[in-house]
Amino acid sequence: MHGTRAKRGDAKTLGHENPSAESIFKPYLQQRPLFKKDRDILRPSYIPERLPHRDMQIDTLASILSTALKGGRPSNVLIFGKTGTGKTAVAKYLGNAISKAAGERALPLGVGPEELARVHFVYINCEVVDTQYGVLAHIGNRFISDWDERIPFTGWPTEKVYDQLKRQIDELGGVTVIVLDEIDKLVYKSGDDVLFHLTQINDDLSRGALSVVAISNDLKFTEFLDARVRSRLGEERLVFPPYNAKQLQDILAQRAELALEAGMYDESVIALCAALAAQEHGDARRALDLLRVSGELAERDGAPRLTDAYVVKAKNKIELDCVTEVVRTLPLQSKIVLIAIYASENRGEGASTTGEVYDAYRDLCRRAGYTPLTQRRVTDFISELDMLGIITARLKSFGRGGRTREISLGVSSGELRQVLVEDEMVRDLVDFVPTQQKLP
DNA sequence: TGTCCACTGGAAGGGAGGGCTT
DNA sequence: AAGCCCTCCCTTCCAGTGGACA
């Protein structure tokens with residue numbers, strides 16, 4: 001591959017002239033492809049025609065939702081399971097299936113008693129849409145094609161959005177199934193008002209009905225729900241256990257067969273991806289990412305086939321990319337807090353306390369001409385950085401010395417520095433050494 | 001056993017910005 | 001234009017906390 005690329009500047013291209021547009025891509029196009037056309041098959045968001053090792057969960061959920069096809073309201077369902085255990089895939093898979101089944105039955109027959117068998121499916125990821133208003137508006141807008149009639153993303157009183165939603169569900173008739181993925185994020189951020197509304201909406205509907213399928217990877221979030229909401233929402237419960245290495249291997253083998261050219265990858269690659277993902281609580285998402293990224297790395301290298309070595313490279317790349325992306329997208333103030341922690345660590349003083357980090361942060365703000373935020377706000381940034389895994393903040397009591405958090409970097413300071421200097425807003429602060437004495 | 005320290009983290013509320021209604 | 005509602009970001013206030021120390 002590298003040899004081929006070296007030939008780009010041949011006799012036709014004079015000396016240091018850039019190669020022609022065609023010749024830049026030629027070596028890549030001549031390569032024997034590793035991926036078949038649709039490489040998205042290896043993305044966790046792809047829903048295959050068959051979901052291995054989830055038959056029991058599919059059967060259970062299908063039996064609950066099938067009530068909708070008979071014109072009844074299915075029970076609300078609570079689904080629990082760790083990341084990458086197939087919760088979202090199963091919900092979407094059945095959502096597509098039920099919409100299709102309902103469409104096939106209801107459409108040719110038109111209006112009539114069969115109207116009851118209409119099923120409408122809405123999927124919402126509550127990490128993206130995380131406010132009460134947002135969820136209600138999102139559901140309402142799902143059925144409005146005319147842009148002018150859409151519910152604005154802000155501006156209306158929530159009650160009005162709720163009334164509009166009720167009207168729409170009634171006008172549509174049939175059963176509307178709403179999947180609220182990562183529901184715990186919504187509850188922790190905005191409370192359970194929206195669940196209260198959605199689970200009691202059937203009392204106010206005359207023609208339509210609504211069922212909620214709530215998905216969470218946090219078993220404890222129900223403790224934060226009002227007792228009425230908890231009982232209405234948890235009419236049925238379903239748990240998705242983690243996949244073991246063998247099951248992950250089956251999932252990967254199925255996807256590899258669809259996405260990769262036969263004979264272009266070692267069989268051991270599948271086993272290795274599965275084993276690495278199994279170590280992390282059987283996360284299929286992680287396993288698929290590993291396989292896809294190793295394939296992409298091998299392709300970029302022009303390797304004759306995908307081998308275990310690329311899986312190891314992919315593992316490191318994914319870990320690094322994850323940190324890079326998170327740090328890059330941090331808000332400015334959060335980045336300055338992170339630089340304050342980085343600076344303390346670089347001074348070789350080991351872990352620092354909240355007070356020390358705040359002093360360094362204020363110092364950095366003064367230096368850069370930014371107005372520093374209060375310590376209370378900075379405490380929140382520290383918690384967020386800890387949650388993202390960029391730093392480690394352990395609560396520790398020093399007796400009379402008070403109680404505070406001991407803060408240290410959770411990622412390599414070299415890699416962190418690389419990402420931070422990319423941002424011109426904070427570039428000059430990265431190597432700044434804050435004063436060590438306490439500020440007034 | 002009570003005191004004290006340096007916070008933590010919840011609650012309440014201000015204000016800016018976006019948008020709708022009258 | 002004025003009034004209202006919503007979200008987001010932030011400040012202010014303050015009760016609560018764990019453990020060393022007197």
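In what follows, chains are A, B, ... by sequence order, proteins preceding strands, each numbered from 1. Note that this is a predicted model, so its numbers are computed, not measured.
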Protein-nucleotide distance (A:Ile151, atom CD1; B:dT21, atom P), rounded to Å: 11 Å

Options C:dC6, C:dT11, B:dT8, nucleotide nearest the side-chain atoms of A:Leu373: C:dT11

Distance below 4.0 Å between A:Trp156 side-chain N/O and B:dT21 OP1 or OP2: yes

Shortest side-chain distance from A:Ser397, nucleotide among C:dG18, C:dT7, C:dC10: C:dG18

Atom-pair distance (CZ on A:Arg394; C1' on B:dT8), nearest Å: 16 Å

Any A:Thr158 side-chain nitrogen or oxygen under 4.0 Å from OP1 or OP2 of C:dC6: yes

Nearest-angstrom distance from the residue atom CZ of A:Phe381 to P of C:dT11: 9 Å

Nearest to side-chain heavy atoms of A:Arg377, which nucleotide of B:dT21, C:dC9, B:dC7: C:dC9

Rounded interatomic separation in angstrom, taking CZ from A:Arg405 and P from B:dC5: 21 Å

Atom-to-atom span, CD of A:Gln132 to C1' of C:dC5 - whole angstrom: 13 Å

Side-chain heavy atoms of A:Asp204 within contact of A:Tyr162, under 4.5 Å: yes

Residue A:Gln375, side-chain atoms from C-beta onward, closest of C:dC10, B:dC7, B:dC4: B:dC7

Distance test, side-chain N/O of A:Thr131 to OP1/OP2 of C:dT7, below 4.0 Å: yes

Matching residue for A:His53 among A:Asp250, A:Asn244, A:Thr85 - test: side-chain hydrogen bond (donor to acceptor under 3.5 Å, both in side chains): A:Asp250

No-hydrogen, no-angle side-chain donor-acceptor test under 3.5 Å, A:Tyr310 and A:Asp301: yes

Value in whole Å for how far the C1' atom of B:dG9 lies from CD of A:Glu384: 13 Å

Residue A:Thr374, side-chain atoms from C-beta onward, closest of B:dC7, B:dG9, C:dT11: C:dT11

A:Thr199 side chain to A:Arg228 side chain, donor-acceptor N/O pair below 3.5 angstrom: no

A:Arg403, nearest nucleotide to its side chain (from C:dG16, C:dC10, B:dG9): C:dG16

Gap separating the CG atom of A:Leu409 from the OH atom of A:Tyr342, nearest 0.5 angstrom: 8.5 Å

Ring-face cation contact, A:Phe121 with A:Arg142, 6.0 Å cut, 45° max: no

Of the listed nucleotides C:dC10, C:dT7, B:dA6, the one nearest the side chain of A:Tyr133: C:dT7

Comparing A:Arg400 and A:Asp380 on DNA chain B - which has the more 5′ nearest nucleotide: A:Arg400

Between P of B:dT21 and CD of A:Gln164, the distance in whole Å: 10 Å

Distance-only donor-acceptor test, A:Arg376 side-chain atoms vs B:dG9 base atoms, 3.5 Å: yes

Spacing between A:Tyr162 atom OH and C:dC6 atom P, to the nearest angstrom: 16 Å

Sugar-phosphate, base or nothing in reach of A:Lys160, heavy atoms under 4.0 Å: sugar-phosphate

